[in-house]
Amino acid sequence: MAITVENVSKEFGAYPALRSVSLSILDGEFVALLGPSGSGKTTLLRIIAGLDYADDGQVYFGSQDVSRVPASERGIGFVFQHYALFGHMTVAKNIAFGLKVMNRRSRPSKADIEAKVEELLDLVQLTGLGTRYPAQLSGGQRQRVALARALARQPEILLLDEPFGALDAKVRRELRGALRDIQRRIGVTSIFVTHDRDEAFALSDRVAILNAGVIEQFAPPADIQQRPQSAFVRAFISD
């Protein structure tokens with residue numbers, strides 16, 4: 001699913017979080033939104049997700065204008081920084097939750113749900129851990145469960161809001177590689193918010209660097225490193 005953002009603006013009170021931002025993401029592409037705190041990257045992700053609405057501008061998924069479509073109807077998977085797992089449910093039940101709450105007409109059978117859960121456990125390298133509870137897992141394992149849950153309904157778009165922010169450096173590096181491998185295997189269009197330059201450059205096909213509500217540069221990591229297009233980008237990547 002391709003994503004197009006056209007002239008999106010958003011203010012919070014008198015504070016301009018986004019100022020006429022435009023962005024085109026290709027089907028199957030992995031894009032990072034990178035920038036310092038307050039640059040607008042999380043606001044842009046939330047508008048793409050439908051968790052916030054733009055004051056001006058449009059968001060398209062493919063050719064469909066989804067600017068006012070609720071988040072629940074956008075067909076996206078979302079991974080948060082702090083897992084948001086149900087502590088009273090096993091790993092398998094956490095992953096299956098989104099499938100079990102679908103309306104009866106479109107809900108998979110019990111056998112199909114169980115097969116899907118096993119498939120996802122294998123995909124995120126947690127085979128055999130379906131009967132454990134979140135408290136029995138490491139932070140990295142919990143984030144893998146959160147990723148599997150986000151993928152359970154086969155979204156066409158995967159959004160990740162600093163998903164490794166609560167993890168130590170070693171686990172972050174391991175999960176970076178796992179996430180990129182999974183994204184390539186399933187081909188889902190993915191947007192990843194981070195303030196970590198190395199993380200963005202290691203994971204992404206292209207990186208959008210935001211500053212004060214505008215995109216300073218949107219290009220492959222190598223192009224940004226070799227040809228920074230503004231003083232801000234030059235300073236940000238050399239910091």
Side-chain angles (χ1 to χ4, degrees), residues 1-5 8 10 17-19 21-49 51-52 59 61 74 76-82 140 143-144 146-147 150-151 155-167 169 171-230 232-239:
M1 178 69 75
I3 302 169
T4 305
V5 176
V8 161
K10 180 70 176 180
L18 295 172
R19 296 183 288 172
V21 167
S22 294
L23 185 72
S24 293
I25 298 171
L26 304 175
D27 182 19
E29 193 171 25
F30 197 124
V31 166
L33 305 180
L34 174 67
S37 296
S39 60
K41 57 189 185 295
T42 295
T43 299
L44 179 56
L45 189 80
R46 289 177 60 84
I47 287 172
I48 292 170
L51 298 173
D52 275 325
V59 177
F61 289 177
R74 295 198 185 189
I76 59 171
F78 210 117
V79 180
F80 300 91
Q81 179 176 339
H82 293 293
Q143 197 57 286
R144 289 174 188 258
L147 176 59
L151 296 173
E156 294 184 282
I157 294 169
L158 178 66
L159 305 179
L160 307 105
D161 189 5
E162 303 214 41
F164 308 144
L167 305 173
V171 176
R172 287 172 75 113
R173 287 193 297 271
E174 291 173 356
L175 280 182
R176 276 200 319 233
L179 174 61
R180 191 59 171 123
D181 180 60
I182 290 167
Q183 193 272 340
R184 283 175 173 152
R185 285 172 63 184
I186 63 179
V188 64
T189 306
S190 302
I191 305 175
F192 179 88
V193 163
T194 182
H195 62 270
D196 186 311
R197 177 197 60 203
D198 294 338
E199 201 161 77
F201 284 11
L203 278 168
S204 308
D205 298 312
R206 288 191 292 169
V207 178
I209 300 182
L210 285 89
N211 174 39
V214 300
I215 294 178
E216 295 271 349
Q217 189 167 354
F218 183 38
D223 287 0
I224 293 173
Q225 291 173 305
Q226 294 165 15
R227 293 178 289 278
Q229 291 182 350
S230 70
F232 172 83
V233 172
R234 191 174 299 110
F236 187 79
I237 66 173
S238 62
D239 185 4

Point-to-point distance, once rounded to the nearest 0.5 Å, from [atom1] of [X] to [atom2] of [Y]:
X      : Y      : atom1 : atom2 : answer
Thr42  : Asp161 : OG1   : CG    : 4.5 Å
Ile186 : Leu158 : CD1   : CG    : 6.5 Å
Ile76  : Leu159 : CD1   : CG    : 4.5 Å
Leu160 : Leu45  : CG    : CG    : 8.0 Å
Ile157 : Ile3   : CD1   : CD1   : 3.5 Å
Leu44  : Ile191 : CG    : CD1   : 7.0 Å

Between [X] and [Y], is any pair of side-chain heavy atoms under 4.5 Å apart?
X      : Y      : answer
Gln143 : Val79  : yes
Ile237 : Ile209 : yes
Ile182 : Leu151 : yes
Glu156 : Thr189 : no

Per-pair distances, 0.1 Å, donor-acceptor, side chain in residues 220-229, under 3.5 Å, sequence neighbours excluded:
residue, atom, partner, partner atom, Å
Asp223, OD1, Arg227, NH2, 2.9

With sequence neighbours excluded, residues passing side chain to side chain donor-acceptor pair (under 3.5 Å) with Ser24: none
Listed partners of Arg46 passing side chain to side chain donor-acceptor pair (under 3.5 Å), at least two apart: Asp52
Distance-minimising heavy-atom pair for [X] and [Y]:
X      : Y      : result
Val5   : Val8   : CG1-CG2, 3.4 Å
Phe61  : Ile48  : CZ-O, 3.4 Å
Ala202 : Arg176 : CB-NE, 4.1 Å
Ala32  : Ala200 : CB-CB, 3.8 Å

Summary of side-chain hydrogen bond (donor to acceptor under 3.5 Å, both in side chains) pairs that have at least one residue in residues 204-215, sequence neighbours excluded: Glu29-Arg206, Arg180-Asp205, Asn211-Glu216
Glu199: salt bridge (Lys or Arg N to Asp or Glu O under 4.0 Å) partners, not counting sequence neighbours: Arg172
Sequence-distant partners of Arg197, salt bridge (Lys or Arg N to Asp or Glu O under 4.0 Å), two or more places apart: none
Just to verify, what does [X] make a ring pair (Phe, Tyr, Trp, His ring centres under 6.0 Å) with, not counting sequence neighbours?
X      : value
Phe232 : Phe236
Phe30  : none
Phe78  : Phe80

Partner residues of Ala17 under the side-chain contact (heavy atoms from CB on, under 4.5 Å) criterion, sequence neighbours left out: Phe12, Tyr15, Thr43
Non-neighbouring partners of Ala208 that pass side-chain contact (heavy atoms from CB on, under 4.5 Å), sequence neighbours left out: Leu23, Leu33, Leu210, Ile215, Phe218
Pairs where residues 172-198 contributes a residue and the test ring pair (Phe, Tyr, Trp, His ring centres under 6.0 Å) is met, not counting sequence neighbours: Phe164-Phe192
Backbone N/O of Pro36 and side chain of Lys41: donor-acceptor pair under 3.5 Å: yes
Backbone of Leu175 reached by a side-chain donor or acceptor of Arg144 within 3.5 Å: no
